[in-house]
Amino acid sequence: MSSTFGTRLKQFRDARGWSQERVGFELEVSKATVSKWETGRAQPSLAHLAKIRRLYASDGLTLDYLVDDTFAAQTHQGEARLYVSEGASEPARTAQNQQEVALLTRFRASSPARRRSLLNLLAE
């Protein structure tokens, strides 16, 4: 059975446990736009495809998988890795737990001045 672009996109969103609103925030689009992409009522622009790829790169998402499920079935096996990993032996490039996810979310929502202050505090 062949899946659609929207169902593959939703698969990665679900693997992280994110809402459409959260994905929209990360991609700087509305929740409605994410919904339209997932239901096939609209397609993202090339610029948005690049943002989607960067957002889910740590989960193994490639544009080949997203736009061509035949290629994906051979290379990706249709499985998305979870965004939050449990216990890594080396420094992780993704959040290790829900507290780190919450911290990153709040950091991204902060003003640039607040971000600088927080980084200065952590550097001490």
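Here NZ of Lys10 is found 10.5 Å from OG of Ser35. Values are rounded to the nearest 0.5 Å. Taken to the nearest 0.5 Å, the CZ atom of Arg115 stands 14.0 Å off from the CG atom of Asn120.
More than 12 non-hydrogen atoms from other residues, nucleotides or ligands lie less than 6.0 angstrom from CD of Gln43. Within a 6.0 Å sphere centred on CZ of Arg41, other residues, nucleotides and ligands contribute more than 12 heavy atoms. Crowding of Leu46 atom CG: a count of heavy atoms from other residues, nucleotides or ligands under 6.0 Å not exceeding 12.
For residues 29-54, the pairs satisfying ring-ring contact (aromatic ring centres under 6.0 Å, His included) are Trp37-His48, with sequence neighbours left out.
In plain terms, the two heavy atoms of Tyr56 and Phe12 that are nearest each other are CE2-O, 3.7 Å.
By the side-chain hydrogen bond (donor to acceptor under 3.5 Å, both in side chains) test, Ser30 is found to be paired with Thr33, residues two or more places apart in sequence or in another chain being considered. Under the side-chain hydrogen bond (donor to acceptor under 3.5 Å, both in side chains) criterion, Glu38 pairs with Arg13, Gln20, sequence neighbours left out. Residues meeting the side chain to side chain contact (heavy atoms under 4.5 Å, CB included) test with Ala123, sequence neighbours left out: none. In this structure Ser19 satisfies the side-chain hydrogen bond (donor to acceptor under 3.5 Å, both in side chains) test with no other residue, sequence neighbours excluded. With sequence neighbours excluded, the residues that form a side-chain hydrogen bond (donor to acceptor under 3.5 Å, both in side chains) with Lys51 are Glu28.
Taken together through direct or relayed side-chain contacts under 4.5 Å among Ile, Leu, Val, Met, Phe, Trp and Tyr, Trp18 and Phe25 form parts of separate hydrophobic clusters.
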Legend entry - Candidate pair Gln11 and Thr7, rule side chain to side chain contact (heavy atoms under 4.5 Å, CB included), full reasoning: CA-CA 6 Å; Gln11 173 187 17; Thr7 57; over 6 Å; no
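Shown are Val34, Ile52, Leu55; of these, the side chain to side chain contact (heavy atoms under 4.5 Å, CB included) with Glu26 is made only by Leu55.
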